[in-house]
Amino acid sequence: MRKYCNDFSIDDINKVVKLYGWVSNIRILKCLIFIILKDSTGYIQILVKKNNNKLWNLSLSLSIESCIGIKGIIKKKYIKGNKNNKDIEIVLSSIKIFNYSKSLPLDMFSCNSNLVKYKYRYLDLRKPEILNIFKNKSDIKFFIHKFFNKFGFLDIETPFLSKSFPEGANDYIVQSRIYSNKFYSLPQSPQIFKQLLMISGINKYYQIVKCFRDEDLRIDRQSEFTQIDIELSFFNFNDIRFFVEKLICDLWLNFKKINISLNFPLLDYNDSIDLYGTDKPDLRNSLKFNKNISIFLKKGILSEFKLCFIKSIIIDNYFGDLNLNFLFDYLKKKNVYCYLCIRIISKINGIYNYKFNGKYFCDNDWVLNFLKKFDIKSNSLILIFILKKEYSEKDIIDIRNFLSDYFNFKRKSGFFPVWIVNFPMFFIDKNKNISTHHHPFTKPFNENDLYKSNYLDIISSSYDLVINGYEIGSGSKRINNFNIQKKVFDILNISKSIQIKKYGFFLEALKYGTPPHLGIALGLDRIVMLLNNILDIKSVIAFPKTSSGICLLTEAPD
């Protein structure tokens, strides 16, 4: 069996070995040359002595990253006082130069700009620390396959070339060579096909599958990504919750030696928005917005801002200095146009001594009534701010993190998973059209609600898994009734002709004994990010796209 650089130890002294790899470094002394050879496993030192002119001259001709093969004898490397059994080197007896390398366009020993490292990604991947990420990803995928095989899931492939099924993003389109003016669509997910597999009688399905979505990219999103797809018939949410939580716990224990307990907490969607400002809360940050005050302000004195986003926090036992100009300047950058700070100096026998500052017009009577209504304690600080309609979710996440640091809220270390449940089924999108929070195949919590007038109040049977602010998975119970599926299409204003043209085969399939089923898709790339303590999804994808969707290596799209 072939061995590699990292396979040898002190036990291999005096063995003759052959190795292949790349020149990582060269040091030249008076009578010695030290070549650091690297391969996919690590490094080993090659010693060249001057008494062999041919080897000496060939070694002198080498450049960094040249590809070579060597033969030599393993010897103990003498380092005074060091007893490390990896302190070995190979005394060179022959060398073959497969290919010289020209001068490198990037630094192999330090960080490079994204522009450089992704343009020359094949060189960047030679770095052992980068390659180790992909070894780890490969191990994670193998572990996942074993996990689902153990529980009797079938790994079934689904088509890449199909027709367009809108799922919230634009499709990537592939023109047919055979049929003029006809096109295939690359899948945003295997959603339709995995439901058809349930109709086919497949009880438990999974797949590690490539998906394609033409949408704005960000630090945790790529246009082509890999997900762990899961679908089950005759199971309920608690069942799929067990499988997913068991997988996550096993992954974290196996790859990070971290114990995460089963029974991840459940958080209602509306509570998540009220308390954290997002449906992807990072629970390492202990700061919570005050839900009751925000509701009061939206319904009461600040009703003129009812279409805006109102947030408030109470900091108890606050004795620190407060630089309001610094605080308000930051909030202004985050689309906050109205804010109020109330500082309670003391409260004696129900009498408040306080100060307030802010951009919102209010008088002492209003502040006093407010303090009494919520029975605010001494040495408390109340901060109220209102975001413009144009605020982004990133703005509120940034504000929460900023305020947490500003007011010294303790941030926890570790991993904190949470299920977000009870999502609204529908919302009004930026084009003022009714749309679904997840996808149009999601089952409503109560099917009868579909026949009520206010569709925006309908709750869906959907759920997201979030870890440390990253949406790791999203799933739902699926509609398994022809009439309910048609009703959802009608609510979404999908015309009958489009229903037949795009989804006719699926609607027909629903008529043939469709079982109750549910599923979830977990983002493999995001899981690998978290397991490797990496913040940018591009780092766990071998050949990623930039945030503008360009492949710097191949210059695609072309």
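Fair warning: this is a prediction, and the values are worked out from it, not measured in the lab.
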F543 six-ring face occupied by R121 cation (under 6.0 Å, within 45°): no
Geometric cation-pi criterion K117 and Y120, 6.0 Å radius, 45° cone: no
So which heavy atom on [X] is nearest to which on [Y], and how close?
X	Y	result
F98	G69	CE1-N, 3.4 Å
N468	F416	OD1-N, 2.9 Å
L518	F235	CD2-O, 3.3 Å

N114 and K538: side chain donor to acceptor below 3.5 Å: no
Donor-acceptor side-chain pairing of H437 and S462 below 3.5 angstrom: no
Determine yes or no for a side-chain-to-main-chain donor-acceptor pair under 3.5 angstrom, with [X] supplying the side chain and [Y] the backbone.
X	Y	answer
E245	N263	yes
N203	S233	yes
K127	S110	yes
D107	F109	yes

Does this structure show an ion pair linking [X] with [Y], if we count only N-O contacts that are shorter than 4.0 Å?
X	Y	result
E224	K545	yes
D216	R218	no
E231	K194	yes

Parallel, tilted or perpendicular: rings of F148 and Y206 (30°, 60°): parallel
Parallel, tilted or perpendicular, as decided by the 30° and 60° cut-offs, for the rings of H438 and F423: perpendicular
Which value, rounded to the nearest 0.5 Å, describes the distance between [X] atom [atom1] and [Y] atom [atom2]?
X	Y	atom1	atom2	result
K96	Y20	NZ	OH	8.0 Å
S223	Y172	OG	OH	3.5 Å
Y118	C551	OH	SG	11.5 Å

Candidate pair Q188 and D171, rule side-chain hydrogen bond (donor to acceptor under 3.5 Å, both in side chains), full reasoning: CA-CA 7 Å; Q188 295 185 32; D171 291 315; 2.8 Å; yes
Residue pair Y205, Q207: steps toward the side-chain hydrogen bond (donor to acceptor under 3.5 Å, both in side chains) verdict: CA-CA 7 Å; Y205 145 94; Q207 184 184 183; 2.7 Å; yes
F255 ring center near F143 ring center (under 6.0 Å): yes
